[in-house]
Amino acid sequence: MKILLIHSEEIWYKTHKPAVKNPPDPPGEFQAENAAVVFVTIEKGDGERAVNEASKEIVKYAGETVKADWIVLYPYAHLSSNLEKPRRAHSILIRLESKVRELWEGNLHRAPFGWYKEFRLHGKGHPLAELSRSIEEQGRVVFRVVDGEVTVSEAVSKGLAPQCLARRVKRLEGLAGEKEELFGLRSWNSWLALGLVERLARRLESLGRPWGSLYSLKPHIPPENLDDIEAVARLYSEAVASRALRAGSPLPSAVVRVGVGVEFLDDLSNEITRRITRINACGDPPCLEVGASGEILLYNSPKGYCFPIGMVTEGSLLLGPLGNIVKAVVDHEASRAEVEDWVPRLPAWMHPVTVYIIPVSGASEYALSIARDLAALGAGVVVDESQSSVGGRVRSAGRLWVPLVLTVGGREAETGTVTVRRRWRPGSQEAVTLGELLLEVRSLLSWSGVSGFVLHLP
Ligand code: A3T
């Protein structure tokens with residue numbers, strides 16, 4: 001939402017002819033003195049937050065800053081190139097009017113929407129007589145598709161976005177305020193974690209093993225308290241029974257080799273298996289015994305706690321809950337990075353966001369077109385146009401452990417390049433051409449089990 005506030009000696013207007021089909025307000029003529037005239041442009045996606053912020057600004061300006069007798073809300077479609085459609089713009093304006101009315105005891109008038117108006121305005125000309133404000137609907141989340149915008153749930157239903165986003169749309173919309181962390185990885189337990197689990201599940205499914213099903217049963221196992229190992233074993237057994245998983249499917253040899261079946265976690269796997277303890281719940285007391293049925297795989301965190309990530313049944317290895325496996329990977333990587341002083345990262349295929357794009361100085365269209373090209377390759381892309389500084393947005397991407405962070409501005413748009421920061425090369429950045437970027441992303445995504453998407457944070 002854009003507002004232009006003008007402290008006026010006098011305002012007068014008269015409607016001429018409709019500027020939209022069937023204007024929602026009747027025509028009229030109006031005149032007032034000592035008015036705070038507020039030209040309002042409603043932008044796409046404006047909602048409750050913009051209405052609340054704008055009404056506070058307006059009432060503060062009229063009441064405290066210039067001490068006006070009137071507030072005149074004047075719909076004006078010329079302050080932005082990102083206009084909301086008339087019907088919705090009108091209803092937002094009505095909400096703005098009623099919010100201002102709640103906060104303001106003086107006179108209030110709203111000019112008719114959807115008309116060409118002749119007007120006369122006499123600005124007072126003192127230093128605070130003219131003021132403009134841009135109010136962002138922070139955290140608004142929009143998916144851009146080739147021919148326009150869709151909401152997150154539409155994007156998911158059309159297969160444009162991963163399922164994990166739909167399940168936590170609410171959380172996603174509060175992205176800016178998200179504080180939860182898992183060992184420095186932001187947004188644990190929210191869309192990011194769900195995205196990691198989702199990708200892990202797809203990967204497992206693509207390997208055609210029975211274990212992929214276990215995660216959906218969500219056995220509730222408190223990750224940090226495993227006093228009752230038999231209860232854990234029971235949970236696994238129930239999970240197995242209730243899902244009628246193919247009993248007796250053979251243990252793939254690769255799994256046997258590394259012991260726990262996380263060999264698909266690329267270079268992390270060999271390291272991570274050193275942290276696995278295997279406990280046979282059938283023993284009394286529970287004992288270490290490799291390869292037997294009933295054996296539970298426990299991940300031991302260097303931070304001193306452990307949680308289960310799988311169980312051996314007759315001839316099969318059940319991996320899960322998948323959330324625990326993701327947690328183990330993150331924990332393992334974060335603690336290794338801490339000790340060896342590097343920046344922790346995840347296998348690129350596992351991360352729901354491959355590329356985070358930060359447009360600067362009006363390179364928005366350029367950024368979105370790159371995003372669409374990357375999404376077509378199967379990459380998850382965030383375009384962050386929030387108002388924070390470039391540094392702030394780079395840090396946001398860092399907290400999400402996004403592999404590639406791009407900044408694009410006027411210079412990049414002119415030369416068809418992007419400036420890229422790679423998570424595995426901290427502290428350095430490089431300009432590359434779009435062609436090079438596409439090749440790099442393609443090789444990062446050697447496996448991609450979900451379709452690409454663009455998440456636009458305006
Ligand atoms: C005018 N003053 O601008 N935000 C605000 N108003 C809008 C919007 C929007 N997104 N969309 C439509 N009229 N309108 C006049 C000029 O003299 C309204 C607004 O009243 C606008 C009219 O519809 C035509 O766009 C034209």
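Order of listing sets the numbers, starting from 1, for every ligand and every atom in it. In what follows, residues are counted from 1 in the order of the sequence shown.
- Near Tyr116, meaning under 4.0 Å from any of its heavy atoms, are these atoms of ligand 1: 17 (O), 26 (C).
- Considering backbone and side-chain atoms together, Val20 places no N or O closer than 3.5 Å to any N or O of ligand 1.
- Within ligand 1, counting atoms from 1 as listed, the ones closer than 4.0 Å to a heavy atom of His78 are 1 (C), 3 (O), 16 (C), 26 (C).
- Residue Ile42 has at least one nitrogen or oxygen atom sitting less than 3.5 Å from a nitrogen or oxygen atom of ligand 1, judged on distance alone.
- Taking the six-membered ring for Trp, Trp70 and Phe30 have ring centres closer than 6.0 Å.
- Both the backbone and the side chain of Pro75 come within contact range of ligand 1, each with a heavy atom under 4.0 Å.
- A salt bridge links Arg422 with Glu440: the closest approach of a Lys/Arg side-chain nitrogen to an acidic carboxylate oxygen falls below 4.0 angstrom.
- Atom CG in Leu406 sits 12.0 Å away from atom CG in Asp384 (nearest 0.5 Å).
- Salt bridge annotation for Lys99-Glu102: present, with a cationic side-chain nitrogen under 4.0 angstrom from a carboxylate oxygen.
- Taking atom 22 (C) of ligand 1 as the reference point, the nearest protein heavy-atom neighbour is Gly114 CA, 3.6 Å.
- The two atoms that bring Val383 and Ala367 nearest to each other are CG1-CB, 4.3 Å, heavy atoms only.
- The closest protein non-hydrogen atom to atom 25 (O) of ligand 1 is Ala77 CB, 3.7 Å.
- Contact atoms of ligand 1 toward Val40: 5 (C) (distance under 4.0 Å to a heavy atom of the residue).
- Taking the charged nitrogens against the carboxylate oxygens, Glu385 and Arg393 have no contact shorter than 4.0 Å, which rules out a salt bridge.
- An N or O contact shorter than 3.5 Å is missing between Thr41 and ligand 1 by distance.
- In this structure, Ile3 CD1 and Tyr76 OH are separated by 15.0 Å, a value rounded to the nearest 0.5 Å.
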